[in-house]
Amino acid sequence: MSAVTPTKTTTATKRRRVMPSNDGSGSATVGELLFAQHEAANAAAVAAIAKDAPPELVIPTDVGEAEARLSAVKADPKWRDEYLAGNQRHAKELRELQAAVDKAKNTRVDMAVTGQLYDGIQPSGHLAAVGGAQYLKSMGLGEAEVRQGITGAPVSAEEHAAAVATKTRLLENPDFVAKYMGGDAEAKRTMTRLNILVTAGPARSGA
């Protein structure tokens with residue numbers, strides 16, 4: 001009895017075995033077809049989302065860069081129109097940019113009031129702010145007055161008008177002028193407070 005030589009299964013043979021025949025043998029099942037369709041649909045959806053999704057928001061941590069971006073988006077008519085139309089991405093960017101700017105500015109003011117310096121190179125104007133804060137504190141001004149003095153933030157129209165009127169009245173008073181010119185501490189403190197408010201100017205209506 002002669003030995004039976006095993007036949008070698010080639011790739012072509014395997015392919016022929018899984019190819020559908022006329023009677024349906026070897027064809028994919030309904031379940032396999034549905035699964036393949038589901039996978040193809042998922043892949044197409046993922047590709048579409050990846051293509052259409054806007055890039056992730058990147059909010060600068062540097063106050064200068066955040067201020068520059070904030071100014072740029074506000075000046076962009078297309079961006080502004082989309083924001084006013086309710087674009088949530090723009091609303092989030094505006095909110096986070098403003099928060100970054102406010103946080104950085106508040107940090108600088110806090111450091112100036114307390115006389116703290118940054119490590120390495122000092123940001124523009126920081127040394128002047130520290131010196132100004134120390135000078136105002138040496139005159140006996142409170143923290144709120146020192147903050148007002150180094151930030152120069154506008155005050156209410158009523159407060160500004162009152163400061164202008166008071167300064168004018170005091171400078172027309174010979175006794176006060178004599179004390180002020182003579183270096184009286186209280187007179188100098190009073191005039192410094194008034195100068196801070198007058199220089200700050202009134203806030204614009206609706207600001």
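All residue numbers in this chain count up from 1 along the given sequence.
For V177, the side chain to side chain contact (heavy atoms under 4.5 Å, CB included) partners two or more places apart in sequence, or in a different chain, are M181. Partners of R189 by side-chain hydrogen bond (donor to acceptor under 3.5 Å, both in side chains), not counting sequence neighbours, listed by chain and number: E186. For P123, the side chain to side chain contact (heavy atoms under 4.5 Å, CB included) partners at least two apart in sequence or on another chain are R108, Y118, H126. Legend: residues meeting side-chain hydrogen bond (donor to acceptor under 3.5 Å, both in side chains) with Q98, ordered by chain and number and at least two apart, are D102. E65 is linked by a salt bridge (Lys or Arg N to Asp or Glu O under 4.0 Å) to nothing, counting only residues two or more places apart in sequence or in another chain. Partners of K179 according to the side chain to side chain contact (heavy atoms under 4.5 Å, CB included) rule, which considers only residues two or more places apart in sequence or in another chain, are D184, A187. For N195, the side chain to side chain contact (heavy atoms under 4.5 Å, CB included) criterion is met by K167, M191, not counting sequence neighbours.
Every pair passing ring-ring contact (aromatic ring centres under 6.0 Å, His included) that includes a residue from residues 68-91 is listed here, sequence neighbours excluded: W79-Y83, W79-H90. Applying the salt bridge (charged side-chain N to carboxylate O under 4.0 Å, His left out) test to every pair with at least one member in residues 136-158, sequence neighbours left out, gives these pairs: D110-R147, E143-R147, E145-R193. For the ring-ring contact (aromatic ring centres under 6.0 Å, His included) condition, no pair includes a residue of residues 153-177, sequence neighbours left out.
In the hydrophobic clustering, where aliphatic and aromatic side chains (Ile, Leu, Val, Met, Phe, Trp, Tyr) are joined below 4.5 Å either directly or transitively, V164 groups with V198. Here L117 is tied into one hydrophobic group with L127, V130, each link being a pair of ILVMFWY side chains closer than 4.5 Å.
Salt bridge annotation for E96-R69: absent, with no cationic side-chain nitrogen under 4.0 angstrom from a carboxylate oxygen.
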Evaluate the salt bridge (charged side-chain N to carboxylate O under 4.0 Å, His left out) criterion for residues K78 and E82: first the C-alpha distance (whole Å), next the side-chain angles of each, then the deciding distance (0.1 Å), finally the verdict.
-> CA-CA 6 Å; K78 181 176 181 294; E82 291 174 350; 2.7 Å; yes

